[in-house]
Amino acid sequence: MDEKESERANLVPGDAADEPAFSEDGVDLTLIRWMLSPTPTERLEALQDVIWSIVRLRGEDTEN
Amino acid sequence: MKTPKTDFVEILRTLARHGVDFIVVGGVAAAMQGATIVTFDLDLVHSRTPQNVERLLKALEALEARYRTPGAENLKPSRSLLESEGRQLLTTRAGHLDLPGVIGSNRGYDELLPLSLEQEVAGTKVRVLGLEAVIETKQEAGGEKDRAMLPILRRTLEEKKRREK
């Protein structure tokens, strides 16, 4: 396999057979691995940050 | 509609400070165990004993809880409703809070307690429904929204188990 064929076959950079980037049903495993690293408190804070970012994008944020 | 700034940690700490017996369930329970799920409300199943409901009422007062269902926006949660199996959809000064009396196939606090684990959140110990039980209750609920979450929950559980080996 030449370099171009290899690049086409491996569509996700860094995707390895033992640690694929996606599951067969299309779930992004890189995000799951990332979320498994922090503590429960940090995970909760990450969730709150995401929620707040979406609320701000929708323009529904309060003044406080 | 203005949305209160979400601070689930503050809700959990307030409930713990008032000695409320509860279990974090649903999407937040899954997220606390590593699932990449975004949910806008905190789901808790509380013990529906009169003593616990009394403590819960005080905590909800401190959180300025009101119903968020149309036509009931200014109503405070009541003792009789919190003692029922019904789902209370509330909003508080720290975000949206849902109190389903039961989840999945009518599982209440006593049935879920052995399936929960203790996690520390910002110095407060809270009971969180284990990821396997979150998956089971989502399967039992069978709604489209619940089913949509299942692939992420299952892959998270697999990844967790892989790491624990």
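Residue numbers begin at 1 in each chain, while the letters A, B, ... track the order of the sequences. In this text, all values refer to a predicted model and were calculated from it rather than measured experimentally.
Note that the CD atom of A:E42 and the CE atom of B:M32 stand 12.5 Å from one another [nearest 0.5 Å]. Taken from CG in A:L36 to CD in B:E164, the straight-line distance is 9.0 Å, to the nearest 0.5 Å.
Chosen from A:L31, A:L47, A:T39, A:D49, the residue pairing most often with chain B at heavy-atom distances under 4.5 Å is A:L47. The candidate from A:P40, A:S37, A:G26, A:P38 with the greatest count of non-hydrogen atom pairs under 4.5 Å with chain B is A:P40. For the set B:P151, B:G34, B:G123, B:A35, the count of heavy-atom pairs under 4.5 angstrom toward chain A peaks at B:G34. Chosen from B:V28, B:V128, B:I37, B:V38, the residue pairing most often with chain A at heavy-atom distances under 4.5 Å is B:V38.
Heavy-atom neighbours of B:E83 CD from other residues, nucleotides or ligands within 6.0 Å: above the threshold of 12. In B:E118, the CD atom is crowded: over 12 heavy atoms of neighbouring residues, nucleotides or ligands sit closer than 6.0 Å. Applying the 6.0 Å contact sphere to NZ of B:K160 captures more than 12 heavy atoms from other residues, nucleotides or ligands.
Using a 4.5 Å cut-off between heavy atoms, B:E158 does not touch chain A at all. In this structure, chain A has heavy atoms under 4.5 Å from both the backbone and the side chain of B:A31.
Under the 4.5 Å side-chain heavy-atom criterion for Ile, Leu, Val, Met, Phe, Trp and Tyr, A:I51 and A:W34 are members of distinct hydrophobic clusters. Tracing side-chain contacts under 4.5 Å through hydrophobic residues (I, L, V, M, F, W, Y), one never reaches B:F40 starting from B:M149; they form parts of separate clusters. If you chain together hydrophobic residues whose side chains sit under 4.5 Å apart, B:V9 and B:L60 fall into the same group. Grouping the Ile, Leu, Val, Met, Phe, Trp and Tyr side chains by contacts below 4.5 angstrom, directly or via other members, places B:V25 apart from B:L97. The hydrophobic clustering, which links ILVMFWY residues whose side-chain heavy atoms are closer than 4.5 Å, places B:I152 and B:I135 together.
Remark: the backbone N or O of A:R33 is paired with a side-chain donor or acceptor of B:R163 at under 3.5 angstrom. A donor-acceptor contact shorter than 3.5 Å is absent between the side chain of B:E159 and the backbone of A:L29.
When every heavy atom of B:T6 is checked against every heavy atom of A:W52, the shortest pair comes out as N-CE3, 4.4 Å.
With A:L44 as the fixed residue, the side chain to side chain contact (heavy atoms under 4.5 Å, CB included) test singles out one of B:V126, B:L12, B:V24: B:L12.
Cation-pi geometry between A:R43 and B:F8 is not satisfied (NZ or CZ under 6.0 Å from the ring centre, within 45° of the ring normal).
Remark: B:R155 engages A:D25 in a salt bridge, criterion side-chain N to carboxylate O under 4.0 Å.
Within the 4.5 Å cutoff, the side chain of A:T41 has no heavy atoms near those of the B:E120 side chain.
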